[in-house]
J.: 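One structure coming up, written as structure tokens, with questions to follow.
Nothing here was measured: the structure is a model prediction, and the numbers come from that model. Whatever order the structure lists ligands and atoms in, that order sets their numbers, starting from 1. We use all heavy atoms of the structure for the numbers below, so side chains are in, but hydrogens, waters and symmetry mates are not.
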Amino acid sequence: MKSTPIVQILEPFLLQKKVELYIKREDLNHPVISGNKLRKLKYNLLEACRLGYDTLLTFGGAFSNHIYAVAGAGSEFGFKTIGLIRGEEHRPLNHTLSFARERGMELHYIDRNSYRKKQEVDFLKGLEHRFGPFYLLPEGGTNELAIEGCKEMAEEIDESFHFVCCPVGTGGTLAGIIRGLGGRKKVIGFSSLKGDFLTNEVSALVGEFYENWNIENDYHFGGYAKIKPELINFILDFEQKHQIPLEPIYTGKMLYGIYDLIGKGGFPTNSKILALHTGGLQGNLGFSFRKSLQR
Ligand SMILES: *Cc1c(COP(=O)(O)O)cnc(C)c1O
């Protein structure tokens, strides 16, 4: 994987606050799969290959960027893919699921009760009985190998930055960044979910030896996939000024949070801040959001 570009964001507000803001364009890392989901898949795909699997099986909601990425990676790298989707089928398929199907993913719908059992041994045995052998990718794609893949993003960040910011869903990406940077820079996660449980979950993923990070829990805008007019206005304004597309689930919330913290003096003078653009533009909400802007 080529390392992705880092661009500086220039505007009077940042000059006035005496901080520098840069964006690492992970959204440009691959034409189809794009963003952190590809980083999370890399070592899992190599492992599936090494173990001789030709099928990937995974779980997700109907709007999942992970489902999109697994379907894309499967067709790109020659795996059969099976997606178990939470809930009932809705026709027509949304953008994410129709893409997945075009890419050859076999879609099955499971009710919410069964979905909760997705990590239980008996349930997984049943799936193997039904579908044959498969390499299992967890919902959201977070596992140890995913964290290894995300560490490589950190290796592309040079020493001059003081802060690295990253959006958080399951926390796998953030955990990889924290481990990759090994405490050398302050890492700030911006949670897209309501609640403060993610600090514990990410602690478990990074291990106790890593410090110098925290999660901001005040920028979820009501919870996962929830939006508010001030978020949308911020995204539109940012895109117009800087020609960098954002989506409202992860990257928009993170950048809103960064600007808010800068405004409140949350970063010391002369800070050099790097924000990770984790992609998500191709996914359903990113996609329909973009379409709604094109009217
Ligand atoms: C999935 C996703 C995230 C969250 O990644 P986690 O590793 O689950 O925390 C962030 N940004 C985008 C665009 C995503 O699709």
Side-chain angles (χ1 to χ4, degrees), residues 4 23-30 32-44 58-73 95-96 99-100 137-154 164-180 187-195 197-206 213-217 219-221 223-225 227 235 244-258 275-290:
T4 53
I23 297 192
K24 183 165 171 58
R25 299 288 309 268
E26 279 294 305
D27 56 314
L28 303 177
N29 66 358
H30 190 280
V32 179
I33 308 159
S34 153
N36 64 336
K37 297 298 185 287
L38 179 60
R39 300 277 190 173
K40 295 174 83 168
L41 282 172
K42 177 178 170 186
Y43 288 108
N44 278 292
T58 196
F59 300 90
F63 298 96
S64 163
N65 289 337
H66 168 67
I67 289 288
Y68 190 105
V70 171
H95 176 68
T96 295
F99 170 88
L137 291 160
E139 180 185 41
T142 289
N143 60 14
E144 191 53 34
L145 291 173
I147 293 173
E148 280 304 307
C150 290
K151 269 171 75 175
E152 292 182 348
M153 263 187 279
V164 176
C165 301
C166 171
V168 183
T170 64
T173 306
L174 180 67
I177 298 296
I178 293 168
R179 281 210 219 159
V187 181
I188 308 174
F190 290 80
S191 176
S192 290
L193 283 65
K194 197 166 164 172
F197 57 95
L198 274 165
T199 299
N200 282 336
E201 294 195 358
V202 173
S203 299
L205 293 172
V206 293
W213 64 274
N214 75 288
I215 297 181
E216 294 291 335
N217 286 310
Y219 302 105
H220 56 71
F221 289 90
Y224 182 72
I227 56 176
I235 292 174
I244 296 177
L246 303 174
E247 46 70 53
I249 316 300
Y250 293 108
T251 53
K253 289 181 181 180
M254 167 187 67
L255 274 158
Y256 185 101
I258 293 172
L276 292 176
H277 191 317
T278 44
L281 301 163
Q282 82 295 337
N284 201 68
L285 290 163
F287 178 81
S288 50
F289 179 64
R290 305 236 64 72

J.: Does the ring center of Phe221 lie less than 6.0 Å from the ring center of Tyr256?
T.: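 Distance test on ring centres: under 6.0 Å, yes.
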
J.: Can you report which non-hydrogen protein atom sits closest to atom 12 (C) of ligand 1, along with the distance?
T.: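 Result for atom 12 (C) of ligand 1: Tyr250 CD1, 3.2 Å.
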
J.: Are the charged groups of Lys42 and Glu148 less than 4.0 angstrom apart, N to O?
T.: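 Result for this pair is no, no salt bridge flagged.
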
J.: Is the closest side-chain heavy-atom distance between Leu137 and His66 below 4.5 Å?
T.: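 A side-chain contact under 4.5 Å exists here.
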
J.: So which of Leu276, Leu281, Thr4 actually passes side-chain contact (heavy atoms from CB on, under 4.5 Å) with Asp27?
T.: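 The residue from Leu276, Leu281, Thr4 that satisfies side-chain contact (heavy atoms from CB on, under 4.5 Å) with Asp27 turns out to be Leu281.
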
J.: Using a plain distance cutoff, I'd like to know if Gly279 has any nitrogen or oxygen under 3.5 Å from a nitrogen or oxygen of ligand 1.
T.: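 No, since none of the N or O atoms of Gly279 sits under 3.5 Å from an N or O of ligand 1.
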
J.: Does ligand 1 have an atom that lies less than 4.0 angstrom from a heavy atom of His66?
T.: no

J.: Please check this pair: side chain of Lys37 against backbone of Tyr68, looking for a donor-acceptor N/O pair closer than 3.5 Å.
T.: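 Checking the backbone N and O of Tyr68 against the side chain of Lys37, no donor-acceptor pair under 3.5 Å is found.
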
J.: If the cut-off is 4.0 Å to any non-hydrogen atom of Asn65, which atoms of ligand 1 fall inside it?
T.: 14 (C), 15 (O)

J.: Quick check: does any side chain N or O of Glu144 sit under 3.5 Å from a backbone N or O of Ile147, one acting as donor and the other as acceptor?
T.: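 A pair under 3.5 Å: no.
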
J.: What's the shortest distance from atom 2 (C) of ligand 1 to any protein heavy atom, and which residue and atom give it?
T.: Lys37 NZ, 2.4 Å

J.: Using a strict cut-off of 4.0 Å, indicate which atoms of ligand 1 neighbour a heavy atom of Gly280.
T.: 13 (C)

J.: Please write down residue, atom name and distance for the protein heavy atom closest to atom 5 (O) of ligand 1.
T.: Asn36 ND2, 3.0 Å

J.: May I ask you to test the Ser191-Glu216 pair for a side-chain heavy-atom distance under 4.5 Å?
T.: no

J.: Should you measure from each heavy atom of Gly171, which atoms of ligand 1 turn up under 4.0 Å away?
T.: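 Counting from 1, the qualifying ligand atoms are 6 (P), 8 (O), 9 (O).
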
J.: Give me the residue, atom name and distance of the protein heavy atom closest to atom 8 (O) of ligand 1.
T.: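 For atom 8 (O) of ligand 1, the nearest protein heavy atom comes out as Thr170 OG1, 2.6 Å.
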
J.: Should you measure from each heavy atom of Thr173, which atoms of ligand 1 turn up under 4.0 Å away?
T.: 5 (O), 6 (P), 7 (O)

J.: Side chains of Thr278 and Glu26: is there a donor and an acceptor less than 3.5 Å apart?
T.: no

J.: Heavy-atom distance under 4.5 Å between the side chains of Glu201 and Thr199, does that happen here?
T.: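 No, too far: nothing below the 4.5 Å cut-off.
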
J.: Using heavy atoms and a 4.0 Å limit, tell me yes or no: is Thr251 in contact with ligand 1?
T.: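 Judged by the 4.0 Å heavy-atom criterion, Thr251 does not count as contacting ligand 1.
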
J.: Using a strict cut-off of 4.0 Å, indicate which atoms of ligand 1 neighbour a heavy atom of Lys40.
T.: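 Taking each heavy atom of Lys40 in turn, ligand 1 has 6 (P), 7 (O), 8 (O) under 4.0 Å.
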
J.: Could you list which atoms of ligand 1 come closer than 4.0 Å to a heavy atom of Val168?
T.: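 Those qualifying, in numeric order: 9 (O).
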
J.: Under 6.0 Å from the ring centre and within 45 degrees of the ring axis: does the NZ or CZ of Lys253 meet both conditions for the six-membered ring of Tyr224?
T.: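 No, Lys253 does not lie over the aromatic ring of Tyr224.
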
J.: Distance to 0.1 Å, residue and atom name: give those for the protein heavy atom nearest to atom 4 (C) of ligand 1.
T.: Gly169 N, 3.5 Å

J.: Got the closest protein heavy atom to atom 11 (N) of ligand 1, with its distance?
T.: Thr278 OG1, 2.6 Å

